[in-house]
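For reference, the structure is listed below as C-alpha cells.
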Amino acid sequence: MSEIPKAYDPRAVEDRWYQFWLDAGCFTADPARVSARRPAYSIVIPPPNVTGVLTMGHVLNNTLQDILARKARMDGKEVLWLPGTDHAGIATQTVVEKTLRKQGLIRHRDDLGREKFLEHVWAWKEKHGGIIIQQLKKLGCSCDWTRERFTMDPDYSRCVQKVFVDLYRKGLIYRGRRMVNWCPVSLTALSDEEVIMKEQKGHLYYFRVQVVEADGSPVKVEAGPALAGAPPAPVPGPAAGAAGPDNAAPPFARGPETDAEGRTWLTIATTRPETIPADTAVAVNPADPRYTRFIGKFVKRALPLENQALLPILGDEHIDIRFGTGVLKVTPAHDAADYEIGLRHRLPVIEVIEANGRLNDRAGRDLAGLDRFAARAKAAELLRAAGALVKAEPYVNNVGFSERADVPIEPRLSEQWFLKYPSVEKARACVAAPGDPGPDKLQFHPDRWAKVYDHWMANLKDWCISRQLWWGHRIPVWYNQTGRAALNKGLTEVELAWEAIPGAKARELRENALRVAAQTGILGAAFTNQDTGWSIRVSKAGLVHAFTRRGLQNIKLVPALPELLRHAVLIGSEHHAPPAPDVRAVHTLLALLRLGYRRYRVLFTVKELANGQRLYDHHAVEWVGKENGSDGKHPPEARPLEETLASRPASDPRVKVADLLGDVNTEPELLRVQGESPGPGWTQDPDVLDTWFSSWLWPFATMGWTGDPARDAANRTLQTFYPTTDLVTGPDIIFFWVARMIMAGYEFMGQMPFRHVYFTGIIRDKLGRKMSKSLGNSPDPLELIAQYGADALRFGTLRSAPLGQDVLFDEQNVELGRNFCNKLWNACRFRQLQGGTVEAEINPALLTSDDRWILLRLDQAIGEVSQAFAEYKFSEAAAVLHRFFWSEYCDWYVEASKAALAGADAARRANTLAVMDFVLNHTLRLFHPFLPFITEELWHGLGYAQDLPPDQGGRTIMFAPWPKPLSADEKAWFGLDEAADRFAAAKYDLVSRGRNLRREFNLPAGKKLRYVLKPAAAFPAAEVEVLRLLLNAEAVDVDPAYQPPRGTPSAANSLGELYLPLAGQVDFAAERARLTRELEKARAELGRVRDKLANPDFARRVPPPVLAEHQRRLAEWQERERQLEQALANLSAA
RNA sequence: GCGCGGUUAGCUCAGUGGUAGAGCACUUCCUUGACACGGAAGGGGUCAGAGGUUCGAACCCUCUAUCGCGCACCA
C-alpha cells in the first residue's frame, strides 16, 4: 500500500481479491482435512431460482451465510458452503412461456409440444442460469463453487426418482381423484401452501328457489308446523331495491316465505351464482327451526333456465344457521366444503367450470363458454331477469389465490399424486420448543418459529405433489397402454344379498362359504368370461387363498362368484413375480358387485398356467359406493373410494372401468413406479413433481446421496458434512422447505438435516411494503454494489436486519456501510502515514492510559461480538463493531494518540504504533466476516500478513484466527485494570465538558484557546498534552492553586476543574444561567439516588453491587453539586 | 375465531428488573496533516394506555387499544 488514496474505492479491490480467493481454492472444502481439532462446518444455500436475479432478500440471506462461513473458517473449521440453483418449475415455465408468446413463437405451449418446449426452457436456463451465481460472487459469497448443484442435474434427478419410488413402495405415495387447488392460468394443481388467502370485494347474492315435492308439485304452506318462534323474522318490505329497478323479486330476503298463490320459497345466499348449474342439493341445519320441515323435500334449481332440475333439501349439521339465510347451495364439484357434504350425502357431481376457468355446456346456453367471472355477472343478471334475485349486497370474503399467477384458484376434482408425509413424529419432536434448547435438538433462531412449525406439523394434510407442467422432474410412473385400452369398457353390475353366507365369526364364514361353493357347484367348475372368452376354473386352493389373503368380504361374495367371473373385464396381464416356471402369466380382471346397500369393486387375479389352463386365484373387494338415502347398514370394511364414482350420475347402471381407474391401476400390470421405462408399450405419467419435492432433498442430494447404503457410506463428503450446521432462510418457506427437509432428513438419512435454522426477516421497502417487481420498489443490488461497494451493501443491509424482525430497506443503510468502509480505510491510512514497519511488540511499561483504555475496549468488543455470534445476533455484532471502531477507536484513541505520535519520545511513539497495529490487526479480523474485501486489502496493505504461516493469515485474512478476548495474564501484563480504564474515561469526559464550554460561549471551533486545569491529583505532563490536543487548545496550563477570576467558565469532574479564562468576555448572567441549569440537573439526579438509598427496603433487598453502584453515584453527584455551587458562589463573590 | 410479533426521539430501530440508547434527520460551529463518505457540541422521549407484582418496571403479569403476519373459517 505505497500510495493510499483518500477515499476507499471498492471497484479497485473487490474483483481482484475474489479472483485471488478462487485461484487459491480458499472456498473449497476437503473432507480429508477434517479431524478432531478441525471440525466440519457446513451450510447448504437455499437454492435460488436458476433463472432468477439477485434481490435484496438474497443479499441479506447470503450475506448472513457468508458471515457464518467466514467466521467458521477463522474459527479453524473445515467449511463447506454448498451452492446451487433450483429449477423452480412453475416460475421458470411461466417465464419461458410468456417470452415465447411475446416473441410470437407460440400462443400456448401445446403449439410446440413437450419436447420442443423443453428445449426452449433448457436454452433459457443455459442463457440465464449463470446470472445469479455471478451476482453472488460479486457479493463476495465464499461458496464452494466446485460443488455447485442444480436440482435437475442427472444425479439429483436420480435422487428424486429414488425417493419417489421408495415412498411409493412404503405406501406413502398414492394417486387419487380429490379436490385440489387448481390454477386456471397455470393449468395445474397446486399444494395448499401455494394458495394464499386474500380479501376480495364481491357481492353476496340472495336468490330464491321454490320448494317442491319429489314429483315437482308445489309444497303448500300447511305442510309444516307454524313458524312461531323461528329466530330471524323475514325481512319485509322492498328489499329488492338493491337488485335493480326492474326487479320483480318477492319482498323478502330471509326465511321460508309463502306467496299469494300458496307456493313456498327459500332464499339462498351465495357469492358464486355462476356455480348454480353445478348445484346438486340444498342444505340446511337440521336444528334450524325455520327449515327442518323442508328436509326431504326438493327445490327447483334456478339455473340453467332450460334445465331446472330438482335438488334434494338435506339436513347437515355443518350449516351455519346464522350465515346468510341459513340455506346453503351445495356444489360438490366446485367447492371443497360442498364436496365434503356431497360425500356425506352421496350427491352427484356436476362440473360446469373447465380447467381453464370457462363454463361448459352443462352450465346452460346462457353461461356456456364464458369465463367464470363474466359468468358470475351473467348468472346474477339471469336471476334478476327471472325475478329470482332478491338482492345483491357488497361483501368481502377471503379467496384463495394462486401464488404464482395471482388469480383466484378454483377448487377442482382431479386425479393427482399425493404424499403422506414420512417421519412426521421424529421431525416434529426434534425441534426445540421456544425457550427450551434441548441438548440434541434442532434449534430455530428466533425460537418462536418452533411454535409455528409445530402447529403445522400437528395438522399435516397430504401433499399434492403432481403438477400439470412440463418443466420439472417427470413422475417416475409408467402405464401399460394395452391395459389402459380396456378401461373404456363397461362393467355389468352383479347383485348379491348380503346374508347369502350365514355366520358371524370369520372361521364360521369361511367354512360356510366353502360349503356353499361345493353345494352350488362352484368348486372345480369353470366359467366363461364374456370379456375374453376365457374359461376360468375355481379351485379350492384359489378360494382359500382369497379368504386368507384378502379378508372377510371375499368370503361373502362367494355365491356371486360365477356371475362375477362371467362379467369381469380384463385390465392387465403380467408375469408372475417372483417368476414361477409353471405360471405363464397373471391376469387382472375387474368386476362390479352390489352387496346389500353398497357397491363393491372386485379385482380378480387369474393365473395362466404353462398348459394353458386358467385358474381363479384370488380377489380383493373395495367399497365403492352406496345407494342414495341409505345410511349404510353394513359399515365398509375396506377404504371407501366413493369419490371415484362421484362424478357419474347415480342412475346409470353401467359403470365404465375408467371410473375405477384411480386405484385399480396401481396394480403392477398397469402401472410401474421406477425411473426407467419398463419397455415398449409403457408410457410415462405426463405430469411433473412439485419443485419442492426435489428441494426437500437438498441437504443430502447435493452431497451425492444415492440411497445405496454402501455407496453412501463411502461418500466422504456426505459422511463428513451431513448433517449441516446452519441453515439460513426466510420464515415464509418454513412449510414449503424447512419442515419438509427435516422430514426427508429423518426418512432418508436417519437424522436431522441441520442443527440450527436462522430465519431472516423479510425485506420490505421504506413504507413496509414487500419488495416486488410490479411495485418497482426493489432496488437492484448490483447497482448498489457498483455505487457503494459489496462490503457497504453487506454491512448496511445487515445492520438494519435484527434477529427475526422484518427489514425496512432504505438505501441510506448502504450509504452508512459505504461511509463506514471509508472510515476504516482512513483509520488504516492514518496508521500507514505514520510510517515505520509493523510494530509487533508492545512494551507494557510505556503504555499510556489511552493505550490501556483502547485495549480494554477492544477486549470488550471481542467478547461482545463473539457472544453476539453465539446468539445469532448479527446486527448486534455489526453494531458493536461499529461502535467500537468509530466511537471508541477513531473518536478517542486515534485523536489521543496523536500526542505521542507527534512527540519527541521515539520509544513512546513506536509503542503507540504497536498498540495501533495490535488493535487494527484484531479489528480487521473481527470485521472480515462482514467486510471481506476491504479487510483483505488492508490486511495486506498494512503488512499484517507478513511473517504469518500461510494457513494462519499469511496468505489471506480468511484463515487468520478469530480474535479471542484477552486472558487474565495478558491483562495483567498490559496493566489493564479498572483504574486505567476509569482515568481515561474521566479524561474524555472532562474533554467533552471542556469542549462544551467553547460551544456555550460561542467560541468558534477553530479558535485556539487556553484552558487552565486545576487537577484533583497529580496529572502527568503527557496526559496534559493529550488534553490539550483533544480540546484543540493552544495550551492547557496546570495550576493546582489556580484562583479563577470571577465568573470564569468552568467544567469539572473527578479529575479536577477545567477553566476557560475569558478575560473581559464573560457574560455573568449567561454563565450564572448555565451553571444554574446544570446545578438543577445535578440536584435532580442526586435527589433520585438519595431517595432510593433512603428507602430502608432498598438497602435491605438490593444486591450488593447495585447498592455500591448507587453509593458511588451518590458521591459523584454530590461532588458535582459541590463544584457547581462553588462555581456559582465564585460568580457572585467578586 | 386461534396463534405469533410489533407499538421507545421527526424517521428506522436496539435495549431480558437498577442513570432511556444508536444510525439517519435537525440546530450551531469547524474544511486543524486519516477521513466533509469527516470532526465537535447540542436540541429532541410522561418507552401506546390502564391496572398489578417489586425496594425499584421500557423490561415481568393482567386487561385494553392499535398495526402487521400466520393458521382456520367464511355459503
Side-chain angles (χ1 to χ4, degrees), chain A residues 4 6-8 197 204-205 268-272 275 283 319-320 323-331 335 337-338 395-399 434 446 448-449 451-452 455-456 459 731-732 734-735 762 764 766 768 788 792 796 799-800 802 804-810 812-813 815-834 873 875-876 879 882-883 887 890-891 894-895 898 902 991-992 995-1000 1002-1008 1029-1032 1085 1088-1089 1091-1093 1095-1103 1105-1107 1109-1110 1113 1116-1117:
Chain A
I4 314 155
K6 264 175 97 165
Y8 170 60
M197 300 307 274
L204 191 57
Y205 300 90
I268 302 174
T270 181
T271 54
R272 299 199 66 186
T275 63
I319 311 304
D320 183 351
F323 190 93
T325 61
V327 186
L328 171 70
K329 69 192 257 315
V330 183
T331 322
D335 184 280
D338 290 6
Y395 185 69
V396 174
N397 67 340
N398 286 330
V399 176
R448 61 186 155 83
W449 289 111
K451 204 164 175 176
V452 177
H455 183 256
W456 190 74
N459 295 284
D732 49 337
I734 186 165
F735 309 138
I762 293 170
R764 299 169 180 283
K766 275 200 266 204
Y788 299 103
R799 266 217 67 178
S800 57
Q805 294 296 326
D806 283 0
V807 184
L808 300 198
F809 180 80
D810 188 338
Q812 278 189 339
N813 290 320
E815 214 175 311
L816 169 86
R818 191 261 323 253
N819 295 352
F820 187 80
C821 288
N822 195 56
K823 189 74 176 177
L824 183 62
W825 181 261
N826 273 290
C828 291
R829 179 169 177 258
F830 175 73
R831 164 65 188 90
Q832 192 71 4
L833 289 171
Q834 298 310 311
K873 293 179 173 172
S875 65
E876 187 170 305
H882 184 273
R883 182 209 69 211
S887 307
C890 290
D891 286 353
V894 171
E895 295 307 317
K898 286 174 183 171
V991 168
S992 291
R995 285 167 175 172
N996 176 249
L997 292 181
R998 184 193 281 271
R999 152 85 182 157
E1000 290 284 343
N1002 286 324
L1003 301 165
K1007 187 169 176 179
K1008 290 285 179 188
L1029 256 170
L1030 293 175
L1031 284 165
N1032 191 27
E1085 291 293 341
R1088 241 185 292 176
V1089 182
D1091 286 351
K1092 275 197 176 182
L1093 287 168
N1095 186 334
D1097 283 332
F1098 181 78
R1100 196 146 37 81
R1101 296 179 190 244
V1102 89
V1106 176
L1107 183 64
E1109 173 66 17
H1110 277 76
R1113 243 157 52 204
E1116 210 176 274
W1117 285 113

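First the proteins, then the strands, lettered A, B, ... as listed; each starts at 1.
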Nearest-angstrom distance, P atom, B:G51 to B:G39: 45 Å

In whole angstrom, give the distance that lies between atom CZ of A:Phe1098 and atom C1' of B:A57. 14 Å

If you check every side-chain atom of A:Lys6, which of B:G38, B:C55, B:A36 has the closest atom? B:A36

I want to verify a distance call: between B:C55, B:G38, B:G39, whose nearest atom is closest to the A:Asn819 side chain? B:G38

May I ask you to say what A:Cys821 touches in the nucleic acid, namely base, sugar-phosphate or nothing, with a heavy-atom cut-off under 4.0 Å? nothing

As a test of reading the structure: which of B:A75, B:A41, B:G38 is closest to the side chain of A:Lys823, going by heavy atoms? B:G38

In whole angstrom, what separates A:Lys451's NZ from B:A72's P? 17 Å

A:Arg999 vs B:C29: side-chain N/O to OP1/OP2 distance below 4.0 Å: no

Between A:Lys873 and A:Ser875, do the side chains contain a donor N or O and an acceptor N or O under 3.5 Å apart? no

Would you measure the distance from the P atom in B:G5 across to the matching atom in B:C60 and give it in whole Å? 11 Å

Testing B:C4, B:C73, B:U19 for proximity to the side chain of A:Arg448, the answer is B:C4

Tell me the closest heavy-atom pair linking A:Asn397 and A:Thr271, and the distance in Å. ND2-CG2, 3.9 Å

B:A34, B:C71, B:G18: which one has an atom nearest the side-chain heavy atoms of A:His455? B:C71

Would you please confirm or rule out a distance under 4.0 Å between OP1 or OP2 of B:A75 and any side-chain N or O of A:Asn397? yes

dist A:Leu204:CG -> A:Arg272:CZ (nearest 0.5 Å) comes out at 13.5 Å

Please check this pair: side chain of A:His1110 against backbone of A:Val1106, looking for a donor-acceptor N/O pair closer than 3.5 Å. yes

Using the P atoms only, state how far B:A20 lies from B:U12, rounded to an integer number of Å. 24 Å

